[in-house]
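Written out below as structure tokens is the structure these notes cover.
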Amino acid sequence: VSRITSSAVKVAPAAADGLQIVTAASNWGDGDWVVFLEETTAADTAVAGLVLHTGDDGWSELQAEVGFGICRAGFEFDPTDDTLEIGHIRVQGPNSGNGGPTRYSVPHPISGIPPGYSVLLRMRQAGGGGGAKTRQAALLYYENLDNGEAIPYTVARLTSIPAGTDSLLLTPSATPWDPSPWVEFDPEVGDPTYIMGVALGNPSADTDVELDLGAGAADAEVPLTTFRVGTYAADAGRLNNVNLPGLMPITPASRLAACMRKSGASTTPMAVAFLAYVGDLEGGSEGGVIGPYLWITIPIRPPVV
Amino acid sequence: VPAIVSLLPDRQYPAPAAADGVVVQLPGGSWSDSPYGELIAEADADSILTGIVVRPPGLIFDSWPWEVDIAVGPEGEEGDSPPIATFRGHTQEVFANFGSDGLYLPTIIGVDAIPNGSRVSACWRSSSTSSSYQMAISATYLKKPLAGTFLSTPNPLLCYPSRAANLSSTNLVSDAPWADGAPVQIFGASGPAKAVVAVMTHVDFVNQEWELDLFIGGSETPATTIRSARAGVSSHPNRTALEHPLFVPASTSLSFVARLSDPPSLPLTITAQVAVNYFELPL
């Protein structure tokens, strides 16, 4: 399998300021859909990520999700009714006033968007951010990605653990590099789940951090993998998404948990949500995408008259 | 559309584990190597490098490009063989009470060049002539044999330019937001095929959205576009990973064109600086 490609990442809007998306004022309430890509023409369009800029309003301790939606071109006039969310990416950010990078990739792009569809974005966030907030975004996408390393939304959905609610807090020990208590993220994984990465907020300044994703019964958790990150200073603006080198399958019925350890003595909690695809990539009734070929069936939503 | 997705159930490990990143200090002198700091004393399996974390402890008041070498070899002999990976980044201004997060820099394609029993270390250098700047470096890796699938290579991760200033496109946004700057060549039309895995960019202005088109050969159609934004003051390394590495054929040039959004006050002339991380092909 080679991820090397000759396919281009494309941007919408291209060579223009990002489009504004406005969050709902309510806690984790969906903002309105905004059309970013009008009427796809490629045989397959795949969402590769987004660039998220503060727009008119800054953020502090942001926890948010940006939903990717599709609807048949020409039916965007009622996007709430006609748009299907085909996945979301979870993002977090301490303090936008201090800057930082703003690009959030989907390393396994969300594919299966046929020609004749529009691609839309909407945003929801913790606490409503003190009211509706205006952000600025651009969509990153591929047309006919030539290496096949994409996941049709009909097979698995990009989501987060948790989703649509506040991230879980891990409280580090005051003793450098002593592990925190394990925190449960899912008591029993149901549908096939594949961990792509993690979104985390860590306001502790000038620290190295390790985060274990583990499985197993309470007090008997076993690390599945370890993320390593660092911070320069408190309240930094970077949205902290870190991806694993590959998709990590989770054994069905596992109990998922996480713990952290870090340099320094700060005990400020770190907010954590994992980024995951949920759906059967390895077979089953829907047909998987592990193997030589997958024939995708795209459900076409009927027009609303 | 045929779809094939590889899975990687294997655990990723940190180095050093459960300990501060190894701190190495510039010796003074532009692009002079720091001493090496040990990441792994003795690898307990053949291993694959997947990324590094960089964190300058304390505050840095400069803006400069830097490189981190990951080397395999006994103490005192780290520099006898070419590094297995050279990461490129750029650190921007950090003022008191301002800052930005450290950043995880993935290799994207794994560097399968850490033999069982070997010692792994890191050093860094920058264009800065200061002898006071430090960098805390740590790494992530996989142990072989893998149960899953991950694209890797024994080839080293390279950067271009190396031990030299970034490539620059000047005179951007002078009364013309989003207008293309002049094309700047990265690779000439020579050498083996390459897979570009990351692009380092430094746009010397705040509150800016920007795009960077990469062009292969004489094509007038971008081979890919990198989009990002810079908000406020930041100090991040500005490295954009290409999760799907860009293929550049042998004996083919690579160039870039930059364009920027409307800054708060016009007219301004702004410089976009670029460097790339890549592997030579075949892997």
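Lettering follows sequence order; numbering is per chain, from 1.
E280(B) is linked by a salt bridge (Lys or Arg N to Asp or Glu O under 4.0 Å) to nothing, counting only residues two or more places apart in sequence or in another chain. Annotation: salt bridge (Lys or Arg N to Asp or Glu O under 4.0 Å) contacts of D213(B) (sequence neighbours excluded): R259(B).
With hydrogens and angles ignored, the 3.5 Å screen pairs no side-chain donor or acceptor of R227(B) with any backbone N or O of A14(A). Using a distance-only test at 3.5 Å, with no hydrogens or angles considered, a donor-acceptor pair links the side chain of E209(B) to the main chain of G18(A). The closest donor-acceptor contact from the side chain of E211(B) to the backbone of A15(A) lies under 3.5 Å.
Side-chain contact annotation: R228(A) with T140(B), donor-acceptor N/O pair under 3.5 Å absent. A side-chain donor from one of S105(A) and E243(B) sits under 3.5 Å from a side-chain acceptor of the other. R11(B) and T226(A) share a side-chain donor-acceptor pair at under 3.5 Å.
Looking at D10(B), only its backbone comes within 4.5 Å of chain A, counting heavy atoms on both sides. For I52(B), no part sits under 4.5 Å from any heavy atom of chain A, backbone or side chain. Within the 4.5 angstrom heavy-atom criterion, no atom of P176(A) approaches chain B. Of the two parts of D212(A), only the side chain, counted from C-beta on, holds a non-hydrogen atom closer than 4.5 Å to a non-hydrogen atom of chain B. L224(A) touches chain B through its backbone: at least one of N, CA, C or O sits under 4.5 Å from a heavy atom, while the side chain does not. A241(B) touches chain A through its backbone: at least one of N, CA, C or O sits under 4.5 Å from a heavy atom, while the side chain does not. Only the backbone of S7(A) comes within less than 4.5 Å of a heavy atom in chain B; its side chain stays farther off. Only the side chain of L244(A) comes within contact range of chain B, with at least one heavy atom under 4.5 Å from a heavy atom of that chain. With a threshold of 4.5 angstrom between heavy atoms, V9(A) approaches chain B through its backbone and through its side chain. The contact between L281(B) and chain A is made entirely by side chain atoms (from C-beta outward), counting heavy-atom distances below 4.5 Å.
Looking only at side-chain heavy atoms (C-beta outward), T225(B) and K10(A) stay at 4.5 Å or farther from each other. Within the 4.5 Å cutoff, side-chain heavy atoms of I4(A) are placed close to those of I109(B). Residues Y194(A) and L7(B) are in side-chain contact: their nearest non-hydrogen atoms beyond the backbone lie under 4.5 Å apart. Under the 4.5 Å side-chain criterion, counting only non-hydrogen atoms from C-beta, L8(B) is not in contact with M248(A). W178(B) is listed as a side-chain neighbour of D17(A), based on a closest heavy-atom distance under 4.5 Å. By the 4.5 Å heavy-atom criterion applied to side chains, E149(A) and H244(B) are counted as neighbours.
Note: A17(B) leads A136(B), P106(B), A139(B), A17(B) in heavy-atom pairs under 4.5 Å with chain A. When each of P179(A), A48(A), A8(A), A16(A) is scored by its heavy-atom pairs under 4.5 Å with chain B, the top score falls to A16(A). For the set P107(A), P245(A), G246(A), the entry with the most heavy-atom pairs within less than 4.5 Å of chain B is P245(A). Chosen from A195(B), P249(B), A223(B), the residue pairing most often with chain A at heavy-atom distances under 4.5 Å is A223(B).
In this structure, CG in N241(A) is found 14.0 Å from OH in Y104(B), a value given to the nearest 0.5 Å. Remark: E210(A) CD to Y13(B) OH distance equals 12.5 Å, nearest 0.5 Å.
The minimum heavy-atom distance linking D20(B) with W177(A) is given by the pair OD1-NE1, 2.6 Å.
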